[in-house]
2 protein chains.
Amino acid sequence: MRYPASHKTTTRERILDEAGQLAKERGFATTGVDALMAAAGLTAGAFYAHFASKSELLSALVERELKRSQRMFAVDSDAALEAAIGAYLSPQHVERPRKGCPLPTLSSEVARADDTVRSTYARGLAEVVQQLAQRAGSEEKAWPMVAQAVGAVTLARALPAGRARKTLLDSVRDQVIAALRQPEGETAPPTSPSRPGRASPRKPSRLRSHPNS
Amino acid sequence: MRYPASHKTTTRERILDEAGQLAKERGFATTGVDALMAAAGLTAGAFYAHFASKSELLSALVERELKRSQRMFAVDSDAALEAAIGAYLSPQHVERPRKGCPLPTLSSEVARADDTVRSTYARGLAEVVQQLAQRAGSEEKAWPMVAQAVGAVTLARALPAGRARKTLLDSVRDQVIAALRQPEGETAPPTSPSRPGRASPRKPSRLRSHPNS
DNA sequence: GTCTATAAGGTGATAGAC
DNA sequence: GTCTATCACCTTATAGAC
């Protein structure tokens, strides 16, 4: 699935990649077309050869970025899923919005965008949730996991780095992984004891940071 | 705790109230000082008699709004807390950001704001979480609830009104209330069966919409 | 396709009249 | 305290040269 090293991304792909990173870092609405294009090494005038409007860029961005996030959770074992969750709720992901999931950064922008953007978003998010539901057991178990992870990263980014942020990330990670381990129709486990540690030492896999660079 | 009907809010309070509603609806960074002041029936020039900068307004806004949200969860029974959670995760709250909690709307703005705003936010959020921890049992149980609720409203607002939005809100409500009912150090309950209904008929209290206006 | 230049309008912030 | 007028700058989008 990797491009050969010789592959040169087309201009449109390069714009989407660079503008996507900038939009996630600084906000889409607050970042001008000029800055978005400069990130791709181009000028504002060239923008409209690729997109009819700024809103159309947001739509393309949301689609592309959600596919990327979906790919990170397309795993074939529970252990791999737990590792992905750990990476999502890691300090690295919180500190590097550029390379991270679009949901914490762009959802509020999508909420104020036009219908085209919103349905692109709805389709992309539905695929993420349905894929997660395959491992979690049901959509009703998958939605709370997604909401929790997105909410945690959103809050953590607004908090200064420190103890509160760490407690937030750790307790949400424990809770999500515990919910995942629930055998189905049962109940969620140890939400109380877990100070500095992992969810439990049952799966001591390495945590990458969420982004794939 | 209600003001006497005769009470006229001071200008500053009126600005905070009206600007707060507008900022939550349209976004803080994307809404100009002019529009913020017009909402309070004033012009942009008068703004700087009340605040040294737009960023200082955001700080005051965050403080005031978080206190309001905290008050909504300052309840004296589990039933009342469950009702407040139901209101938070209601379609009404999703559809009326103006009157709603600042966390889903302003957190991403705070993440890009200066240190003053961020520590004001940190203090306000800490109080919300600690208050909730008194009923939930521990901070480690309270954080996931807050993250889940904030994430759910954030995602729901970006989704078009429809089935996915409803499934999201319903399953998150069930999950949060189930986690709350956990006797402590135990595990979370029925995440699976609950199609159209409430968390369970144990507490059939009326759901107000989140806002208190 | 990409550039520069330009359109019309919005931005945060300040000065001075009342 | 509030107004109007103004500052320099940034916004989305378009036109025309290359």
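Side-chain atoms are counted along with the backbone in the values below, which use heavy atoms only and exclude waters and symmetry mates. In the text below, chain A, chain B and the rest are named by the order of the sequence lines, each starting its count at 1.
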Taking OP1 and OP2 of dA13(D), is either one under 4.0 Å from a side-chain nitrogen or oxygen of Tyr48(A)?
yes

Nearest-angstrom distance from the residue atom NZ of Lys54(B) to C1' of dC10(D)
13 Å

Flag this pair as yes if the NZ/CZ of Lys54(B) is under 6.0 angstrom from the six-membered ring centre of Tyr48(B) and inside a 45 degree cone about the axis; otherwise no.
no

So Gly32(A), base contact, sugar-phosphate only, or nothing? Heavy-atom distance under 4.0 Å.
sugar-phosphate

On the 0 to 90° scale, with breaks at 30° and 60°, tag the Tyr88(A)-His93(A) ring pair as parallel, tilted or perpendicular.
perpendicular

Where do Ala46(A) and Met37(A) come nearest, in terms of heavy atoms and distance?
C-CE, 3.7 Å

Quick one: label Ser55(A) by what it contacts on the DNA or RNA (base, sugar-phosphate, nothing), any heavy atom closer than 4.0 Å.
nothing

Which sits closer to the 5' end of DNA chain D, Ala44(A) or Thr30(A), going by the nucleotide each is nearest to?
Thr30(A)

Residue from Leu169(B), Val172(B), Leu168(B) passing side-chain contact (heavy atoms from CB on, under 4.5 Å) with Leu155(B):
Leu168(B)

Measure the distance from CZ on Arg26(A) to P on dC10(D) and round it to the nearest whole Å.
11 Å

Roughly, in whole Å, what's the span from CG in Asp114(A) to P in dT12(D)?
15 Å

Among Leu125(B), Thr154(B), Val153(B), the one residue meeting side-chain contact (heavy atoms from CB on, under 4.5 Å) with Leu103(B)
Leu125(B)

Shortest non-hydrogen separation from Ala35(A) to Arg26(A) and the atoms involved
CB-NH1, 4.3 Å

Positional range of nucleotides in DNA chain C within the contact set of chain B, heavy-atom, under 4.0 Å
dT11(C) to dT14(C)

